[in-house]
Amino acid sequence: MPELPEVETVRIGLAEHLLHRPIAAVAVSHSRAIRRHAAGKLDFQRRLIGANFQNVKRRGKFLWLSIADQALMIHLGMSGQCLVVSPSAARHRHERIRIEFTDGHNALSFVDQRTFGGAHLDELAVDKFNQLVPKSVHHIGLDPFDPDFDLTGAAKQLRTRRIEVKRALLDQAAVSGIGNIYADEALWLAKVHPRRTADSLSIKSAQNLLQAAAEVMQQALRQGGTSFDELYVNVNGESGYFSRCLNAYGQAGRPCPRCSRPIKRERFTNRYSHLCPHCQRAPQR
DNA sequence: CAACCGCCCTGGGTGC
DNA sequence: TGCACCCAGGGCGGTT
C-alpha cells in the first residue's frame with residue numbers, strides 16, 4: 001500500500017524521467033481517475049497539453065508535478081501506480097491516465113486497479129507553513145521528512161486529541177504520510193497500544209512515537225518501500241523490500257521480535273491493527 | 001467544532 | 001463450476 005516511503009520512491013522516479021519535457025497528449029480512460037478535477041476532462045487535457053513539469057514534490061501521501069502556478073496533483077489511493085513506460089508498450093489493463101511528451105520518449109502511465117486514487121489540477125498557494133503548495137494539501141500536517149517538520153509541535157498537537165492514538169496517526173492532521181502499515185510499525189516500535197487515547201500519552205512518549213514513525217519510514221524508503229503484491233511498485237514496475245522487515249503489520253501469530261510472544265491482529269475501525277499485547281500494554285477500560 | 005460513520009472500488013481468495 | 005461474501009484501506013462528505 002502506498003504510504004509515505006512508497007510515494008517518495010515514486011516521486012524520485014518521476015523526477016528522473018518527466019521534468020522539462022513538453023506534454024503532447026493526455027488520455028483519460030476512466031473518468032473516476034480525474035473525479036477531483038471539477039472542470040472535467042477537456043479542461044484537464046487543455047491545461048496540461050503544451051505544459052512542462054518543473055519539479056515533483058510531495059507532502060505526506062500527496063504528490064504533485066508543478067506547472068507554472070498550478071500543479072498536477074496525484075494521489076495513489078490504495079492501488080495507484082505511476083509507471084514510466086515506453087509509448088509503444090502495451091497499455092496496462094488498469095491504466096486510467098496516460099501522458100505523452102513531444103519528444104516521443106517515456107510516457108507517464110497512471111495505473112489504478114481500485115480507483116481510489118486519481119489526479120487533478122490545482123492552484124499553488126502559500127499555506128500556514130509558509131510553503132507554496134497545492135490548495136488540496138493545505139489541510140494536512142507536515143510529514144516527518146519535511147525539513148520544517150517540528151517533532152515537538154506535532155507531539156503537542158497529537159496530545160490535544162481525545163481519540164485513540166492510532167486514529168490520530170492516521171488522520172494526517174498532526175503528522176501526514178502514515179497509513180495502516182507504518183502506524184502499526186511505529187506503535188510497535190514505541191511500545192504504545194493503538195487504543196490508548198492520544199491525550200493519555202506523556203509529551204515524551206508522544207515524541208518518541210513520532211520519532212519511531214520517522215525512523216521506520218526512513219528505513220522503508222531505503223528498501224524501496226513495502227510491496228505485498230504487484231499493487232505497489234516503483235516507476236519501473238519493481239517491488240520494494242521492506243515487507244521483509246515488518247515487525248507487527250501482517251505478522252499475526254508470528255513471534256514478536258522483541259519478546260517472542262505471538263503478534264495479535266484485532267479489529268480497528270473497519271480494518272485491523274497488528275500488535276504485541278505484551279509489549280504494547282492495553283489501556284484500562 | 002471534534003469525533004465518527006459509511007461510502008467509494010476491484011480482483012483475488014475462501015467457503016458452501 | 002458458480003455464487004456470495006470477505007478483504008485490502010485513504011480520503012472525504014455527511015451526521016451526531
>> If I take atom CZ in residue A/F116 and atom P in nucleotide C/dC12, what distance separates them, rounded to the nearest angstrom?
In response: 13 Å
What nitrogen or oxygen pairs link the protein and nucleotides 14-16 of chain C at under 3.5 Å?
none

>> Output the rounded distance in Å from NZ (A/K166) to P (C/dG9).
In response: 8 Å
> Within a reach of under 6.0 Å around CZ of A/R46, are more than 12 heavy atoms found that belong to other residues, nucleotides or ligands?
Replying inline: yes
> To the nearest Å, how far apart are A/R32 CZ and B/dC8 P?
Replying inline: 9 Å
> Do any side-chain nitrogens or oxygens of A/Y272 fall under 4.0 Å of OP1 or OP2 in C/dC7?
Replying inline: yes
>> Is there a side-chain contact between A/Q172 and the phosphate of C/dG11, meaning an N or O under 4.0 Å from OP1 or OP2?
In response: yes
>> Test: side chain to side chain donor-acceptor pair (under 3.5 Å). Region: residues 48-59 of chain A. Which pairs qualify, not counting sequence neighbours?
In response: A/E8-A/R58, A/N55-A/S66, A/R58-A/D143, A/R59-A/D127, A/R59-A/Q131
> Does a side-chain N or O from A/H75 land closer than 4.0 Å to OP1 or OP2 of C/dG11, or not?
Replying inline: yes
> Contact class for A/F62 (heavy atom, under 4.0 Å): base, sugar-phosphate, or nothing?
Replying inline: sugar-phosphate
> Given atom CD1 of A/I178 and atom C1' of C/dG9, what is their separation to the nearest angstrom?
Replying inline: 16 Å
>> Other residues, nucleotides and ligands only: do more than 12 of their heavy atoms fall within 6.0 Å of NZ on A/K128?
In response: yes
> So, A/E266 side chain and A/S273 main chain: donor-acceptor pair closer than 3.5 Å or not?
Replying inline: no
> Do A/Q157 and A/V175 come close enough that some side-chain heavy atom pair is under 4.5 Å?
Replying inline: no
> In whole Å, what is the span from the CZ atom of A/R267 to the C1' atom of C/dG9?
Replying inline: 11 Å
>> Looking at C/dA8, I'd like to know if its phosphate oxygens (OP1 or OP2) sit under 4.0 Å from a side-chain N or O belonging to A/R265.
In response: yes
> Among the nucleotides B/dT10, C/dA8, C/dC7, which one has an atom lying closest to any side-chain atom of A/H30?
Replying inline: B/dT10
>> Distance to the ring centre below 6.0 angstrom and angle to the axis at most 45 degrees; does that hold for A/R265 and A/Y272?
In response: yes
>> If you only use heavy atoms from C-beta on, which nucleotide in C/dG10, C/dG11, C/dG9 is closest to the side chain of A/E3?
In response: C/dG10
> Do other residues, nucleotides or ligands put more than 12 heavy atoms under 6.0 Å from A/N130 CG?
Replying inline: no
> Are the side chains of A/H75 and A/K61 in touch, meaning some heavy atoms are under 4.5 Å apart?
Replying inline: yes
>> Categorize A/R35 for me: base, sugar-phosphate, or nothing, with a 4.0 angstrom heavy-atom threshold over every strand shown.
In response: nothing
>> So A/M73 and A/L63, do their side chains get closer than 4.5 Å, heavy atoms only?
In response: no
>> What does the B/S/- profile of nucleotides 2-7 of chain B look like, 5' to 3', with a 4.0 Å heavy-atom cutoff to protein?
In response: -SSS--
> Rounded to whole angstroms, how far apart are CZ on A/R114 and C1' on B/dG13?
Replying inline: 12 Å
> Given atom CD of A/E6 and atom C1' of C/dA8, what is their separation to the nearest angstrom?
Replying inline: 14 Å
> Phosphate oxygens OP1/OP2 of C/dG11: is one of them under 4.0 Å from a side-chain N or O of A/H139?
Replying inline: no
> Of the nucleotides C/dG9, C/dG11, C/dG10, which one has an atom closest to the side chain of A/M78?
Replying inline: C/dG9
> Does a salt bridge link A/D112 with A/R96, judged by any charged N lying under 4.0 Å from a carboxylate O?
Replying inline: no
> In whole Å, what is the span from the CG atom of A/D112 to the P atom of C/dA8?
Replying inline: 18 Å
